[in-house]
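Working notes, structure below.
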Amino acid sequence: MAFINVDLDSAEESHPAAAGSYNLQITEAVEMVTGPNSKSPGSPMLRVSLGFTDEVAVPNISQFIMLPKEDDEPKDLQMKMLNLRRFLTLFNVPYDSAGIDTEKLCLEMPGHIANAEVTLSEPDANGNVYNRLKVPRIRGEAAGGNRKPPARKR
């Protein structure tokens, strides 16, 4: 067995970053379904892991994005589509306006970087505080403008 020359005393527990703007990179994107204790069990969603590019001892943020499903009410469908579009626009991830291939999208997302606003959650029952991503509205949307990510190359 080899000797590994490291100072273990310098290893620190991770802690959330202060609220502010940070460069975040998508490190993983996985398609999954909501659990049995969810208000809508078995619903499709993406779990996206976001790493702080310039911070070492800060844990990744897990961002959950609900995906549209056939039996969604029109209002829920609109909100799910808008939330996904906002996230993809923020990270400049190409998408096809005709529909989404979730498997392909999960493969394409890692590596995309955005400078984004990060907030802090309220303490949970154990007093733990977590970072949360604040996904902004799409610029120019209210004025009728449309800033889309680049079109996906076919």
Side-chain angles (χ1 to χ4, degrees), residues 13-125 128-154:
E13 292 290 341
S14 62
H15 56 280
S21 286
Y22 293 90
N23 289 323
L24 301 173
Q25 182 174 34
I26 299 174
T27 60
E28 180 183 42
V30 179
E31 186 176 6
M32 50 192 320
V33 295
T34 56
N37 296 331
S38 161
K39 69 178 182 179
S40 184
S43 294
M45 67 178 174
L46 299 178
R47 182 185 53 77
V48 183
S49 183
L50 306 169
F52 289 77
T53 62
D54 304 320
E55 305 292 325
V56 178
V58 177
N60 283 10
I61 296 174
S62 287
Q63 180 76 8
F64 297 92
I65 305 167
M66 299 303 297
L67 296 172
K69 56 185 175 54
E70 285 185 25
D71 61 346
D72 278 337
E73 294 293 325
K75 186 175 180 177
D76 294 333
L77 175 64
Q78 173 63 22
M79 196 69 232
K80 289 177 182 180
M81 290 187 310
L82 182 57
N83 286 338
L84 178 59
R85 182 173 164 224
R86 284 176 176 165
F87 183 87
L88 296 175
T89 300
L90 175 63
F91 282 90
N92 204 30
V93 177
Y95 64 87
D96 185 341
S97 352
I100 17 173
D101 178 337
T102 55
E103 185 176 335
K104 189 172 183 179
L105 187 61
C106 286
L107 291 172
E108 290 178 357
M109 290 172 88
H112 285 265
I113 297 174
N115 185 273
E117 192 71 25
V118 172
T119 62
L120 292 166
S121 70
E122 292 297 320
D124 65 13
N128 297 317
V129 176
Y130 301 95
N131 285 125
R132 299 285 178 243
L133 173 66
K134 184 176 179 182
V135 180
R137 291 178 178 261
I138 299 169
R139 289 187 191 141
E141 189 172 82
N146 234 353
R147 186 180 84 80
K148 286 187 175 183
R152 175 176 292 153
K153 295 177 183 170
R154 295 185 189 253

Would you say Tyr95 and Leu84 make side-chain contact, with heavy atoms under 4.5 Å? no
Point-to-point distance, once rounded to the nearest 0.5 Å, from CZ of Arg86 to CD1 of Ile65: 12.5 Å
Which value, rounded to the nearest 0.5 Å, describes the distance between Ser43 atom OG and Asp71 atom CG? 7.5 Å
For the NZ atom of Lys134 and the OG atom of Ser21, what is their distance to the nearest 0.5 Å? 9.5 Å
Minimum heavy-atom distance Leu133-Gln63, with the two atoms named: CB-OE1, 3.5 Å
Can you tell me how far the CD atom of Glu122 sits from the CZ atom of Arg132, to the nearest 0.5 Å? 11.0 Å
About how many Å separate CG of Asp54 and CG of Leu24, when rounded to the nearest 0.5 Å? 9.5 Å
Is there a donor-acceptor contact under 3.5 Å from the side chain of Asn131 to the main chain of Ala17? yes
Say whether, by atom type as modelled, one donor and one acceptor occur between the side chain of His112 and the main chain of Phe91 under 3.5 angstrom. yes
Identify the two heavy atoms, one from Pro16 and one from Val129, that lie closest to each other, and give their separation to 0.1 Å. CG-O, 3.5 Å
Close side-chain approach of Met66 to Asn83, heavy-atom, < 4.5 Å: no
Looking at every non-hydrogen atom in both residues, tell me the closest pair between Pro68 and Leu77 and how far apart they are. CB-CD1, 3.3 Å
Before you tell me yes or no, could you show the steps for Ile61 and Phe52 under side-chain contact (heavy atoms from CB on, under 4.5 Å), namely the whole-Å CA-CA distance, both residues' side-chain angles and the distance that decides it to 0.1 Å? CA-CA 8 Å; Ile61 296 174; Phe52 289 77; 3.8 Å; yes
Would you say the side-chain atoms of Ser49 pair up with the backbone N or O of Thr27, donor to acceptor, closer than 3.5 Å? no
Glu31: which residues meet the side-chain contact (heavy atoms from CB on, under 4.5 Å) condition with it, sequence neighbours left out? Leu46, Leu67, Thr102, Cys106
Is the backbone N or O of Gly42 less than 3.5 Å from a side-chain atom of Thr34, with the two atoms forming a donor-acceptor pair by type? yes
Residue pair Ala29 / Pro110: nearest heavy atoms and the distance that separates them: N-CG, 4.4 Å
Any sub-3.5 Å donor-acceptor pair from Thr53's side-chain atoms to Gln25's backbone N or O? no
Less than 4.5 Å apart, any side-chain heavy atom of Tyr22 and any of Leu50? no
State, with a plain yes or no, whether a side-chain heavy atom of Asn128 is found less than 4.5 Å away from one of Tyr130. yes
For Asp72 and Lys80, work out which heavy atoms get closest and say how close. OD1-NZ, 2.9 Å
Quick check for you: to the nearest 0.5 Å, what is the distance between Arg85 atom CZ and Gln78 atom CD? 9.5 Å
